[in-house]
Amino acid sequence: MAALSKSIPHNCYEIGHTWHPSCGVSFLHITGVALEESLKIYVPLYLIAAILRKRKLDYYLHKLLPEILQSASFLTANGALYMAFFCILRKILGKFYLWSPGFGAALPASYVAILIERKSRRGLLTIYMANLVLLFCITAAMYMFFFRCKDGLKGFTFSALRCKHGPRHRCCKHYEDNCISYCIKGFIRMFSVGYLIQCCLRIPSAFRHLFTQPSRLLSLFYNKENFQLGAFLGSFVSIYKGTSCFLRWVRNLDDELHAIIAGFLAGVSMMFYKSTTISMYLASKLVETMYFKGIEAGKVPYFPHADSIIYSISTAICFQAAVMEVQTLRPSYWKFLLRLTKGKFAVMNRKPLDVFGTGASKHFQDFIPRLDPRYTTVTPELPIKFS
């Protein structure tokens with residue numbers, strides 16, 4: 001309780017946006033870098049989802065870009081509004097308290113931001129603290145189980161995995177191929193999709209250096225990330241199909257429970273392309289799907305705006321840890337925050353926050369911000385002369 005009552009007199013420039021004394025300019029900085037990174041995240045995510053769902057041309061022409069921009073705006077707002085509320089809260093309170101630079105600023109920012117996102121994509125993000133690959137394995141297992149169940153994933157079907165033909169083996173449903181070629185073709189097809197997506201994403205960057213560094217065009221085709229995404233998609237599909245066929249041969253029957261085993265094993269493919277974004281998105285959609293299935297069955301009560309509230313609280317807790325106790329935060333989430341802000345989260349002045357007893361500067365002992373004393377309330381450590 002004593003820590004909750006403690007405060008420090010520093011202003012928001014001295015603690016938060018140490019790279020520039022202006023709150024407005026710092027807000028624009030965060031907005032710009034967050035928007036850039038958000039687009040890098042959501043463009044491939046939506047393209048992969050569109051291809052897996054076999055979207056028609058009309059979707060690519062009229063819906064793809066608006067959906068990407070809406071999700072990118074949500075993520076951008078989450079970062080930018082945190083910066084805004086960080087400064088607003090300091091001006092209202094006149095000081096910083098234990099809860100204000102992290103939880104206090106992130107809670108309203110997260111709630112406003114999630115309202116920008118489409119309701120169908122508002123996930124329950126408390127699962128951010130789970131293990132990435134294990135989480136994806138479990139998520140994939142449950143998805144494949146619901147996929148096999150009748151109407152199990154209504155409106156969220158991985159059409160690229162459906163077998164549209166009759167049986168080959170008595171239980172298998174692929175007429176044209178034997179089980180081995182069926183799995184190999186699945187791998188080649190999805191590997192090609194992943195490879196081409198990454199190539200397309202690198203085209204703008206490669207063509208900027210067309211005349212100055214023409215040799216960089218080769219990286220368009222021989223980049224490691226191209227093969228990683230291809231290996232992820234290809235191995236996921238082939239492992240799932242291969243395991244399903246194997247279990248049908250061994251047990252001589254087709255069982256929906258096979259999908260749980262096949263999906264879990266297929267989740268290991270995440271090791272080729274460790275994406276927090278993909279894993280968290282799919283997991284949140286799974287929780288959402290199970291929640292609404294519980295409502296339909298009359299076993300779970302419906303709470304209006306529950307997804308937005310839980311998301312806001314979960315994100316605020318993570319931001320509190322990122323400010324006050326970064327050592328307790330999952331490394332993958334910390335890297336995500338650094339990526340979203342292009343390292344700005346790491347240049348917060350955490351040494352004054354040590355008074356709250358959380359070890360805020362534990363991993364930032366060598367960092368001393370270059371503060372302009374004309375805009376500080378407390379004499380900065382090792383002040384720098386400004387001309």
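Scope of the values below: all heavy atoms of this structure, side chains included, with no hydrogens, waters or symmetry mates.
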After noting the C-alpha distance and the side-chain angles of Leu98 and Thr358, does the key distance pass the side-chain contact (heavy atoms from CB on, under 4.5 Å) rule? CA-CA 9 Å; Leu98 172 64; Thr358 62; 4.0 Å; yes
Does any non-hydrogen side-chain atom of Ser100 lie less than 4.5 Å from one of Leu93? yes
Check the hydrophobic clustering (I, L, V, M, F, W, Y; side-chain heavy atoms under 4.5 Å; chains of links allowed) and say if Phe356 and Phe86 are grouped together. yes
Using side-chain heavy atoms (C-beta onward) and a distance below 4.5 Å, is Leu337 in contact with Leu329? yes
Determine whether a donor-acceptor pair (N or O, by modelled atom type, separation under 3.5 Å) exists between the side chain of Asn78 and the backbone of Ala113. no
Are the side chains of Leu353 and Ser361 in touch, meaning some heavy atoms are under 4.5 Å apart? no
For Phe236 together with Tyr273, are the ring centres under 6.0 Å from each other? no
Please find the pair of heavy atoms, one from Leu89 and one from Gly104, that lie closest to each other, and give the distance. CD2-C, 3.7 Å
Minimum heavy-atom distance Cys318-Tyr333, with the two atoms named: CB-CE2, 3.3 Å
Is there a donor-acceptor pair under 3.5 Å between the side chain of Ser269 and the backbone N or O of Ala266? yes
Kindly indicate whether the side chain of Arg248, heavy atoms from C-beta on, has any atom under 4.5 Å from the side chain of Leu253. no
Would the distance check show the side chain of Thr243 and the main-chain N or O of Ala262 forming a donor-acceptor pair, the cut-off being under 3.5 Å? no
Rounded to the nearest 0.5 Å, what's the gap from CD1 on Ile188 to SG on Cys183? Could you check? 11.5 Å
Could you verify whether a donor N or O on one side chain and an acceptor N or O on the other, from Arg251 and His258, lie under 3.5 Å apart? yes
CG on Leu64 to CG on Asp58, rounded to 0.5 Å: 11.5 Å
Nearest 0.5 Å, what's the CZ-CG distance between Phe74 and Leu81? 11.0 Å
Tell me yes or no: between the side chains of Tyr13 and Thr18, is some donor less than 3.5 Å from an acceptor? no
Look at the aromatic rings of Tyr195 and Phe227 and report parallel, tilted or perpendicular, splitting at 30° and 60°. tilted
State yes or no: are the ring centers of Phe345 and Phe319 separated by less than 6.0 Å? yes
Same apolar cluster: Leu65 and Leu47, side chain cutoff 4.5 Å: yes
Check the orientation of Tyr97 and Trp99. Use parallel for under 30°, tilted for 30 to 60°, and perpendicular for over 60°. parallel
One should read off an interatomic distance between Glu14 CD and Leu371 CG, to the nearest 0.5 angstrom, of 6.5 Å
Nearest heavy-atom approach of Gly102 to Tyr82 is O-CE1, 3.9 Å
Residue pair Cys87, His17: steps toward the side-chain contact (heavy atoms from CB on, under 4.5 Å) verdict: CA-CA 9 Å; Cys87 298; His17 47 88; 3.5 Å; yes
Would you find a donor on one side and an acceptor on the other, under 3.5 Å apart, between the side chain of Glu37 and the backbone of Ala34? no
Could you check whether any side-chain N or O of Lys95 sits under 3.5 Å from a backbone N or O of His10, counting only pairs where one atom can act as donor and the other as acceptor? no
So, applying side-chain contact (heavy atoms from CB on, under 4.5 Å) with Cys23, which one of Lys91, Arg90, Met83 is it? Lys91
Apart from Leu57 itself, which Ile, Leu, Val, Met, Phe, Trp or Tyr residues share its cluster (side-chain heavy atoms under 4.5 Å, direct or through members)? Leu61
Carboxylate-amine/guanidinium proximity below 4.0 Å for Asp372 and Arg374: yes
Contact between Arg350 and His363 at the side-chain level, heavy atoms closer than 4.5 Å - yes or no? no
Can Val323 and Met348 be said to form a side-chain contact (heavy atoms from CB on, under 4.5 Å), step by step? CA-CA 8 Å; Val323 174; Met348 292 183 70; 4.0 Å; yes
Trp334/Leu338 under side-chain contact (heavy atoms from CB on, under 4.5 Å): CA gap, chis, key distance, verdict: CA-CA 6 Å; Trp334 174 242; Leu338 292 181; 3.5 Å; yes
Taking the side chain as C-beta and beyond, is there a heavy-atom pair between Ser26 and Lys344 under 4.5 Å? no
Ring-face cation of Lys241 near Tyr182 (centre distance under 6.0 Å, axis angle within 45°): yes
Can you check side-chain hydrogen bond (donor to acceptor under 3.5 Å, both in side chains) on Gln70 and Tyr42, steps first, answer last? CA-CA 10 Å; Gln70 187 171 3; Tyr42 281 110; over 6 Å; no
Phe364 atom CZ, over 12 foreign heavy atoms within 6.0 Å: yes
Would you say the side chain of Cys12 lies within less than 4.5 Å of the side chain of Phe96, judging by non-hydrogen atoms? yes
Under a 4.5 Å side-chain heavy-atom rule over Ile, Leu, Val, Met, Phe, Trp and Tyr, are Phe103 and Ile88 clustered together? no
Flag the pair Glu325 and Lys362 as a salt bridge only when some basic side-chain nitrogen lies within less than 4.0 angstrom of an acidic carboxylate oxygen. no
Compare every heavy atom of Gly234 with every heavy atom of Phe187, then report the nearest pair and how far apart it is. CD1-C, 3.2 Å
Distance check, rounded to the nearest 0.5 Å: Asn11 atom CG versus Thr377 atom OG1? 4.5 Å
Tell me if a side-chain donor or acceptor on Asn349 pairs with a main-chain N or O of Pro369 at a distance below 3.5 Å. no
Do Val112 and Ile114 share a hydrophobic cluster, counting only Ile, Leu, Val, Met, Phe, Trp and Tyr and linking them when any side-chain heavy atoms are less than 4.5 Å apart? no
In this structure, OG of Ser235 is separated from CG of Leu265 (nearest 0.5 Å) by 12.0 Å
Answer with yes or no whether the hydrophobic clustering places Val347 together with Val25; edges join I, L, V, M, F, W, Y residues whose side-chain heavy atoms lie under 4.5 Å apart. no
Donor-acceptor contact present, side-chain Glu36 to main-chain Gly32, <3.5 Å: no
Atom of Ala321, atom of Thr328 and distance for their closest heavy-atom approach: CB-OG1, 3.8 Å
Please find the pair of heavy atoms, one from Asp354 and one from Ala360, that lie closest to each other, and give the distance. OD1-N, 3.1 Å
